[in-house]
Visitor: 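There's a structure below that I have some questions on.
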Amino acid sequence: MVQWESVKRVTVTEQIMEQIAHFITEGQLKAGDKLPNERELAATLGVTRGRVREALRALSLIGLITIKAGEGSFVNNQEVPIPEDTIVWMFHNEIHNLEEVYAARKLIETEIYSTAAGKLAPPHLEQLGLLLQRIRDLQEPSASAVLQLLDEFDLLIGEHCGNAIYFKLMQTIVHLRRETSTHILQVPGAVESSIESRSALLTALESGDSTKVRITANEFFKTSQAFYESLVKGELRPSRSLKDRPTT
């Protein structure tokens, strides 16, 4: 029987997502299972229905569940990849809900990165380093060329993190972020900052310390989220400070 836990930490939406995602990835909630309704989940978790709704929509956005109007929320079959066109449509449909999009990205990518700590073999770590070097070696880097290599970097981590479902989720996230990342990589300093953020992540992965990896990933998302928000609002401006440069 699924044992729900009351949510106590500050980031309520993320904590709801973490519990549901955990039950799905661990197999306690299986494909086709119906989740409790918003009212029941809110009462069980000790949160508002609005927060439950945000979490469910974010999980739907990354393909873990499907929300059917008038019926409820159902666990998806994770063996079936989500078509890229569907992911792009979902992205455009939900882009104004930045909190949900970023909560989804942070939840999945951070979990995959930290899970990969200690599981990547030396050849995998070497390959990650070579991908970063290929970006540095680009003479006139285009956004598409850089993004392709960054996607390969993250997909390699997902593929060898030791969890097949996480690999599929990383594939989904790569599609989900593609359009926004392409725009961000055209901002001066973005390519350099992306290389440095991935280099920091690689260093953390080489240590095999999952806590260090999680901290590094959280720092990445903390600095990059503001640029996503500014980009969508049309307010993005280049910054001279490395700390404030956009990353993807």
Side-chain angles (χ1 to χ4, degrees), residues 9-18 21-22 55 58 62 98-120 124-125 128-129 131-133 135-136 143 146-147 149-158 160-161 163 166 169-170 172-174 176-178 180-233 235-248:
R9 285 184 279 180
V10 177
T11 53
V12 176
T13 299
E14 290 183 23
Q15 300 312 309
I16 299 169
M17 290 174 63
E18 286 180 0
H22 173 76
I62 58 177
L98 285 171
E99 180 181 355
E100 297 170 18
V101 172
Y102 236 85
R105 277 202 61 189
K106 182 178 179 182
L107 170 72
I108 296 301
E109 292 184 48
T110 301
E111 189 63 30
I112 292 172
Y113 293 147
S114 60
T115 300
K119 294 185 175 65
L120 297 175
H124 301 145
L125 295 170
L128 291 173
L131 287 170
L132 294 180
Q133 189 58 50
I135 300 176
R136 296 187 186 97
V146 173
L147 184 57
L149 292 169
L150 291 175
D151 287 349
E152 289 183 31
F153 183 96
D154 287 339
L155 288 171
L156 180 63
I157 295 174
H160 299 287
C161 74
N163 187 313
Y166 281 180
L169 288 176
M170 180 62 89
T172 301
I173 288 294
V174 163
L176 173 67
R177 72 191 188 192
R178 184 161 291 159
T180 327
S181 297
T182 299
H183 288 300
I184 286 183
L185 285 169
Q186 297 175 33
V187 176
V191 172
E192 294 82 358
S193 185
S194 294
I195 294 173
E196 294 201 22
S197 66
R198 290 306 195 289
S199 295
L201 179 61
L202 177 55
T203 298
L205 286 168
E206 288 172 337
S207 73
D209 186 336
S210 61
T211 300
K212 184 176 180 179
V213 172
R214 189 175 292 275
I215 291 173
T216 302
N218 284 337
E219 283 299 313
F220 159 71
F221 281 107
K222 180 179 178 181
T223 56
S224 62
Q225 182 171 1
F227 283 91
Y228 271 89
E229 293 172 348
S230 298
L231 178 65
V232 173
K233 295 176 183 177
E235 302 170 351
L236 191 59
R237 295 290 184 274
S239 173
R240 296 179 181 178
S241 169
L242 176 62
K243 181 180 179 181
D244 294 329
R245 287 179 187 171
T247 56
T248 184

Visitor: To check you understand the geometry: which heavy-atom pair defines the closest contact between Lys119 and Cys161, and what is its length?
Guide: CD-O, 2.8 Å
Visitor: Between CZ of Phe220 and OG of Ser193, what distance do you get to the nearest 0.5 Å?
Guide: 8.5 Å
Visitor: Can you list the residues that meet the ring-ring contact (aromatic ring centres under 6.0 Å, His included) rule with His124, with sequence neighbours excluded?
Guide: His160
Visitor: With sequence neighbours excluded, tell me which residues meet side-chain hydrogen bond (donor to acceptor under 3.5 Å, both in side chains) with Ser199.
Guide: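 Ser199: side-chain hydrogen bond (donor to acceptor under 3.5 Å, both in side chains) contacts with Arg136.
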Visitor: State the NZ-CE distance between Lys106 and Met17, to the nearest 0.5 angstrom.
Guide: 11.0 Å
Visitor: What distance separates Leu156 CG from Asp151 CG, expressed to the nearest 0.5 Å?
Guide: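 The CG atom of Asp151 is 12.5 Å from CG of Leu156, to the nearest 0.5 Å.
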Visitor: For a quick test of reading the model, state the closest non-hydrogen atom pair linking Tyr113 to Asp154 and the distance between them.
Guide: OH-OD1, 2.9 Å
Visitor: Where do Gly158 and Ile112 come nearest, in terms of heavy atoms and distance?
Guide: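 Here Gly158 and Ile112 meet closest at CA-CG2, 3.8 Å.
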Visitor: With rounding to the nearest 0.5 angstrom, report the CD1 to OG1 distance, Ile157 to Thr115.
Guide: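 These two atoms lie 11.5 Å from each other.
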Visitor: Taking side chain as C-beta onward, heavy atoms only, is Leu131 less than 4.5 Å from Ile135?
Guide: no
Visitor: How many angstroms lie between atom CD1 of Ile108 and atom CG of Leu169, to the nearest 0.5 angstrom?
Guide: 4.5 Å
Visitor: Please report the shortest heavy-atom distance between Phe153 and Leu128, naming the atom on each side.
Guide: O-CD2, 3.4 Å
Visitor: Give me the atom names and distance for the closest heavy-atom approach of Ala55 to Ile16.
Guide: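 Distance-wise, the nearest heavy atoms are CB-CG2, 3.6 Å.
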Visitor: Testing the basics here: between Ser194 and Leu185, what is the closest heavy-atom pair and its distance to 0.1 Å?
Guide: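 For Ser194 and Leu185, the tightest heavy-atom pair comes out as OG-CD2, 3.8 Å.
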Visitor: Drop me the distance from Ile215's CD1 to Lys212's NZ, to the nearest 0.5 angstrom.
Guide: 9.5 Å
Visitor: In chain order, what residues pass the side chain to side chain contact (heavy atoms under 4.5 Å, CB included) check against Ser210, with sequence neighbours excluded?
Guide: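 Partners of Ser210 under the side chain to side chain contact (heavy atoms under 4.5 Å, CB included) test: Ser114, Ala117.
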